[in-house]
Amino acid sequence: MPDMPIFAFILLGVLMFVFAGISFFFFLYDHRDRYYRYEDDEVMTGTDFFCEFRRYGGSDNEETSLKMVYEGGETAKLYYRYTDPHSTRTKKKIYALPKRTVEQLKTVYREHCVPVLADCPAREEIAPESPTVMVRFAAAEDKENYAVSSDQELPDKNKSLFSEVEALLTSYLPHYRSQTVQQN
């Protein structure tokens, strides 16, 4: 009988150790954006850079696409495409963006830690009348990419990602009307 208190004490110690390990794991999981290594990220270190902003669906059934492709040099190409929901007409244009816009987009990518946001779970409630907004970053268009959507459960501090990317990509478009969706 005297061994029982020792066994209970050992069991309590093991359980506390397991609880501490699980707590530490969840702490790291919640703070993984602080530990992400950009030195290993081809999007940040490569010479090429791709960024896409899309808005589609919703009650207006619109589709807007802005693709920025940078392959080195002093300018990047911006491919703008807009499909009018009230007709079958599609508007397409190509613009040149300065290299500083690429650097600003990389800063947004880093500040919001997009690789970590891409793993956020889907939202349970999605308003069908609101269009879906998606931002995608990659080292090149055909390479592995990180996509973040308004249909995901994002932290409050990262909900401005969509408006920041849209503002940077559309700052060179004449007569562009911002329609960024705010998450509820």
Side-chain angles (χ1 to χ4, degrees), residues 33 38 41-44 46-73 75-86 89-123 126-184:
D33 58 332
Y38 289 101
D41 192 344
E42 190 178 1
V43 176
M44 290 297 288
T47 56
D48 296 348
F49 186 73
F50 172 81
C51 180
E52 178 183 20
F53 174 88
R54 283 187 63 211
R55 179 182 296 109
Y56 54 93
S59 59
D60 290 338
N61 198 26
E62 70 166 284
E63 185 169 343
T64 303
S65 174
L66 298 157
K67 291 182 185 179
M68 194 269 320
V69 179
Y70 177 71
E71 298 171 333
T75 60
K77 289 183 182 175
L78 177 67
Y79 298 92
Y80 170 69
R81 183 172 162 242
Y82 175 76
T83 303
D84 188 1
H86 305 294
R89 198 172 134 190
T90 300
K91 180 180 180 180
K92 296 179 183 179
K93 296 265 186 182
I94 300 175
Y95 297 94
L97 300 178
K99 185 178 178 179
R100 69 178 145 82
T101 304
V102 175
E103 297 304 321
Q104 290 171 328
L105 284 168
K106 284 185 177 184
T107 301
V108 168
Y109 173 86
R110 186 179 202 135
E111 285 176 355
H112 289 279
C113 199
V114 171
V116 172
L117 288 181
D119 292 336
C120 286
R123 290 187 353 191
I126 299 172
E129 66 276 351
S130 297
T132 299
V133 178
M134 191 251 331
V135 174
R136 185 167 62 110
F137 291 92
E141 189 171 7
D142 58 346
K143 297 234 178 169
E144 178 184 0
N145 63 71
Y146 300 105
V148 179
S149 168
S150 61
D151 293 342
Q152 290 176 281
E153 193 69 45
L154 300 177
D156 289 337
K157 67 180 183 176
N158 298 108
K159 290 182 181 177
S160 65
L161 170 69
F162 306 114
S163 60
E164 290 177 32
V165 171
E166 181 183 25
L168 283 170
L169 291 177
T170 60
S171 62
Y172 299 97
L173 298 179
H175 312 294
Y176 182 81
R177 191 178 92 227
S178 176
Q179 304 164 348
T180 298
V181 174
Q182 296 296 325
Q183 267 191 332
N184 295 331

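Between Thr47 and Tyr70, every side-chain heavy-atom pair lies at or beyond the 4.5 Å cut-off. Between Leu97 and Val102, every side-chain heavy-atom pair lies at or beyond the 4.5 Å cut-off. In this structure the side chain of Lys93 never reaches within 4.5 angstrom of the side chain of Tyr82, judged on heavy atoms. The side-chain heavy atoms of Tyr80 and Leu173, taken from C-beta on, include a pair separated by under 4.5 Å. No side-chain heavy atom of Gln152 sits under 4.5 Å from any side-chain heavy atom of Leu117. Within the 4.5 Å cutoff, the side chain of Tyr146 has no heavy atoms near those of the Val135 side chain. Looking only at side-chain heavy atoms (C-beta outward), Cys120 and Val148 stay at 4.5 Å or farther from each other.
A salt bridge is defined here as a Lys NZ or Arg NE, NH1 or NH2 lying under 4.0 Å from an Asp or Glu carboxylate O, and Glu63 with Arg81 meets this definition.
Taking both residues in full, the closest heavy atoms of Leu66 and Thr170 are given as CD1-CG2, 3.5 Å, listed atom of the first, atom of the second, then distance.
Here the CD-NE2 distance, from Glu164 to His112, works out to 3.5 Å after rounding to the nearest 0.5 Å. In this structure, CG in Leu154 is found 8.5 Å from CZ in Arg123, a value given to the nearest 0.5 Å.
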Exercise for the section: Begin with the C-alpha distance, continue with both residues' side-chain angles, and end with the deciding distance and a verdict on side chain to side chain contact (heavy atoms under 4.5 Å, CB included) for Met134 and Glu52. Expected result: CA-CA 8 Å; Met134 191 251 331; Glu52 178 183 20; 4.1 Å; yes
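Residues Phe137 and Tyr109 bring their aromatic ring centres within 6.0 Å.
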